[in-house]
*Asks:* 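I'd like to ask you about the structure that follows.
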Amino acid sequence: MGKVTGFLEIDRRDRKYAPASDRIRHYREFVIPLGEEGTREQAARCMNCGIPYCHNGCPVNNQIPDWNDLVYNGDWQEALRNLQSTNNFPEFTGRVCPAPCEAACTLNLEDAPVTIKTIECAIADRGWQEGWIVPEPPERQTGKRVAVIGSGPAGLAAAQQLARVGHEVHVFEKHARAGGLLRYGIPDFKMEKSHIDRRIRQMEAEGVVFHYGAHVGVTMPAKELLDAYDAVLLAGGAEKPRDLDIEGRDLKGIHFAMDFLPQQNRRVSGENTDVTDPILASGKHVVVIGGGDTGSDCIGTSIRQGALSVTQLEIMPMPPERENKLVTWPYWPLKLRTSSSHEEGAEREFSVMTTRFSGRDGKVTRLHCVRVDSSFKPIPGTEFELKADLVLLAMGFIHPVHEGMLKELGLDLDPRGNVKADTRSYRSSIDKVFAAGDMRRGQSLVVWAIREGRQAARAIDEYLMGSSVLPR
Ligand SMILES: Cc1cc2nc3c(=O)[nH]c(=O)nc-3n(C[C@H](O)[C@H](O)[C@H](O)COP(=O)(O)OP(=O)(O)OC[C@H]3O[C@@H](n4cnc5c(N)ncnc54)[C@H](O)[C@@H]3O)c2cc1C
Ligand code: SF4
């Protein structure tokens, strides 16, 4: 513990955002780093608790108090070594993780947790700037071949771990570039894609081979991979979106969030920009149905495209602004969360159900809504209408896509429709086929995908070699 009285003397201070009026003019990141001194000062606030709840709150079990101490003492390189021993991609989580570690921090009992995510991001960014993050190729090859299907954070973390212990790893990705939802879902203003490109170059230098445009179960049979590889990891995410099957759903102008967001990400990166029927919010009244992260990303993107208005509807009641710490701590509390995108100018409505869409000339123009009580029953007399030229459905994902790869393989699914595999062996119902990330656990977070990718890599290594030096 660097500074024993740090938490008493230093107030919590976190990264600030560039003003909304500036940042909505572009798609770049807008979080302003604290700088070296500011970050060291914040790291000094860590109390190095006897039981570090943050460590458990973090799904990859980052050794947070240890690297806080190292940062406070100016040993950034050792902090990076420590951080990378538990997290393959701390510059991703340092940008997009909701930071359950901070909810679990003891100082959160006073509403002033250590700025753990900011410190994590600073360590990783410094590592790249200084050239400390380099390829770590294996000393020897095992002669075993592993196919990883899907290049989201789960697939990437698994591939990197497996390549580093000497397996020949091939990643099969249906899209033109790697990253999964990091690349095509999460907008550039939350995480610029150069962070992924850099990691892919590192992984290629470590021996990982990427095959793009390879849609397993669609453009190539999954069976081919089973025959050619010693183990196969399914890390294809949970891509089946929840639909809203109500009157007027077939009108033009109603789209899933994941039809809209990838188009903008591709536009920013210059990939495949000649879409025949682009979905754009410019000059439109936009309604986003669904109150989560994906909904927020639709808001920020719509505002940057020049929407006339953006309204977000959520069927759940408005959560409390502050949680009761004595009931919730150290767990992730249900409370009102206002994202940077909300601050950019969206209206938010809670306890609202959409009953039908209506339109003119086959295009949506209105949403018909009603307020609901706590058991989602419509409250008579509360019906209202909203103008809408573009409706974005962001109500989450129900499970992985079953058609194609999963049907071809005939794998057992769990009751929620995800690939059935436990979190020790990560083995599916078919020999030598493993599953990790959203494909196994259902829609989740980047940090959970990294954890599962790492743990599945260890399970695969054990399966192939009888034992493993990889951490769990
Ligand atoms: C819009 C949006 C915003 C989000 N924002 C955040 C956030 O801010 N923070 C956070 O922590 N989480 C966020 N999430 C959730 C997070 O992105 C996911 O939980 C995480 O990416 C899951 O990782 P994964 O590797 O399991 O799957 P994915 O990231 O979904 O990657 C799966 C990959 O597999 C590929 N694939 C699928 N099937 C096949 C096949 N048959 N053949 C070849 N390739 C295939 C896909 O193309 C994709 O590249 C967000 C999700 C969305 C949709
Ligand atoms: S990965 Fe997420 S939970 Fe873990 S330390 Fe980083 S911000 Fe916290």
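Model, not experiment: these values are computed from the prediction. Keep in mind that the numbers below use all heavy atoms, side chains included, and drop hydrogens, waters and symmetry copies. Just follow the structure's listing: the first ligand is 1, and inside any ligand the first atom is 1.
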*Asks:* At a threshold of 2.8 Å, where the distance has to be below it, does atom 2 (Fe) of ligand 2 have an N, O or S atom of Cys97 nearby?
*Replies:* yes
*Asks:* Salt bridge between Arg95 and Glu91, side-chain N to carboxylate O under 4.0 Å?
*Replies:* no
*Asks:* Among all protein heavy atoms, pick out the one at the shortest distance from atom 4 (Fe) of ligand 2; state its residue, atom name and that distance to 0.1 Å.
*Replies:* Cys58 SG, 2.4 Å
*Asks:* Would you say Phe397 touches ligand 1, if touching means a heavy atom closer than 4.0 Å?
*Replies:* yes
*Asks:* Is Val218 touching ligand 1 with its side chain, its backbone, both, or neither, if touching means heavy atoms under 4.0 Å apart?
*Replies:* neither
*Asks:* Is the closest heavy atom of Gly217 to ligand 1 under 4.0 Å?
*Replies:* no
*Asks:* Measure from NZ or CZ of Arg199 to the centre of the six-membered ring of Phe89 and say whether it is under 6.0 Å with the direction within 45° of the ring axis.
*Replies:* no
*Asks:* Which atoms from ligand 2 have a heavy atom of Asn62 less than 4.0 Å away?
*Replies:* 1 (S), 4 (Fe), 5 (S), 6 (Fe)
*Asks:* Mark yes or no: Arg45 above the aromatic ring of Phe7, with NZ or CZ under 6.0 Å from the six-membered ring centre and no more than 45 degrees from the axis.
*Replies:* no
*Asks:* Any atoms of ligand 2 less than 4.0 Å from a non-hydrogen atom of Val447? List them with their elements.
*Replies:* 1 (S)
*Asks:* Give the name of the N/O/S atom in Glu120 that lies closest to atom 6 (Fe) of ligand 2.
*Replies:* OE1
*Asks:* Using distance alone, decide if ligand 1 has a nitrogen or oxygen within less than 3.5 Å of any nitrogen or oxygen in Cys97.
*Replies:* no
*Asks:* So is Gly404 close enough to ligand 1, meaning a heavy atom under 4.0 angstrom away?
*Replies:* no
*Asks:* Can you confirm, on distance only, whether ligand 1 has an N/O atom lying under 3.5 Å from any N/O atom belonging to Met439?
*Replies:* no
*Asks:* Please confirm whether Met191 approaches ligand 1 to less than 4.0 Å, judged on its heavy atoms.
*Replies:* no
*Asks:* Which of the atoms of ligand 2 are close to Cys101, meaning less than 4.0 Å from one of its heavy atoms?
*Replies:* 3 (S), 5 (S), 7 (S), 8 (Fe)
*Asks:* Distance under 4.0 Å to a non-hydrogen atom of Ile64: what atoms of ligand 2 satisfy this?
*Replies:* 5 (S)
*Asks:* Any N or O on Ser444 sitting closer than 3.5 Å to an N or O of ligand 1?
*Replies:* yes
*Asks:* Is Leu182 in contact with ligand 1, taking contact as a heavy-atom separation below 4.0 Å?
*Replies:* no
